[in-house]
Amino acid sequence: MSTNAIAVADLVRSELARVTDPTVVTLLAKYGVTPRMELRPWNYAERELPCWIVFEHPASNTAVAYCEEGFGPKKPWGLLWLSGEHLFMGDDSRWFVTLLDAVRDTWAYADG
């Protein structure tokens, strides 16, 4: 895929069409954002990878991102910090196969 904001937005819509969990649907409507690309350091190499932020939960300072590199394509949906000193991509336990699984692991879902 030639990744850009439109392609990522289409991917989010495609993922959302398969979601049957009403809490996830509600959270994506409330905290979903227009995809924006951020370069994030990857723990396993001295380089930054493009991550597309698609969900922001300011109360917990967390986001859900899509990234084709790093843990993708097997686990392209990850949990990231929005701000602060830990802006790296994290480890593989915070990356998921689906957007649904990533949102279900957020603080927003826990509070949902």
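In what follows, every heavy atom counts, from backbone to side chain, and hydrogens, waters and symmetry copies are set aside.
- The two atoms that bring Thr3 and Ala7 nearest to each other are CA-CB, 4.5 Å, heavy atoms only.
- When all heavy atoms of Arg47 and Glu69 are compared, the pair lying nearest together is NH1-OE1, 3.5 Å.
- Rounding to the nearest 0.5 Å places CG of Asp105 at 4.5 Å from CZ of Arg94.
- Cluster annotation: Val97 is not connected to Val12 through the hydrophobic network of ILVMFWY side chains, with a link wherever side-chain heavy atoms come within less than 4.5 Å.
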Can you list, pair by pair, the side-chain donor-acceptor contacts under 3.5 Å of residues 51-61, counting residues two or more places apart and other chains?
residue, atom, partner, partner atom, Å
Glu56, OE2, Arg36, NH1, 2.6
Glu56, OE2, Arg36, NH2, 2.6
His57, ND1, Ser60, N, 3.4
His57, ND1, Ser60, OG, 2.6
Ser60, OG, His57, O, 3.4
Ser60, OG, Thr62, OG1, 2.6
Asn61, OD1, Ser83, N, 3.1
Asn61, OD1, Ser83, OG, 3.0
Asn61, ND2, Ser83, O, 2.8

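- Rounding to the nearest 0.5 angstrom, the gap separating the CH2 atom in Trp42 from the CD atom in Glu48 is 13.5 Å.
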Could you go through the ring-ring contact (aromatic ring centres under 6.0 Å, His included) check for Tyr44 and Phe71 one step at a time? CA-CA 10 Å; Tyr44 303 99; Phe71 302 112; 5.8 Å; yes
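- Here the CZ atom belonging to Arg104 is positioned 8.5 Å from the OG1 atom belonging to Thr23, to the nearest 0.5 angstrom.
- With hydrogens and angles disregarded, a donor-acceptor distance shorter than 3.5 Å links the side chain of Thr26 to the backbone of Pro22.
- Checked by atom type and distance alone, the side chain of Arg40 pairs as donor or acceptor with a backbone atom of Leu87 at under 3.5 Å.
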For residues 75-82, dump all side-chain donor-acceptor pairs below 3.5 Å to protein atoms at least two apart in sequence or in another chain.
none

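- Separation of atoms CD1 (Ile6) and CG (Asn4) is listed at 5.5 Å; rounding is to 0.5 Å.
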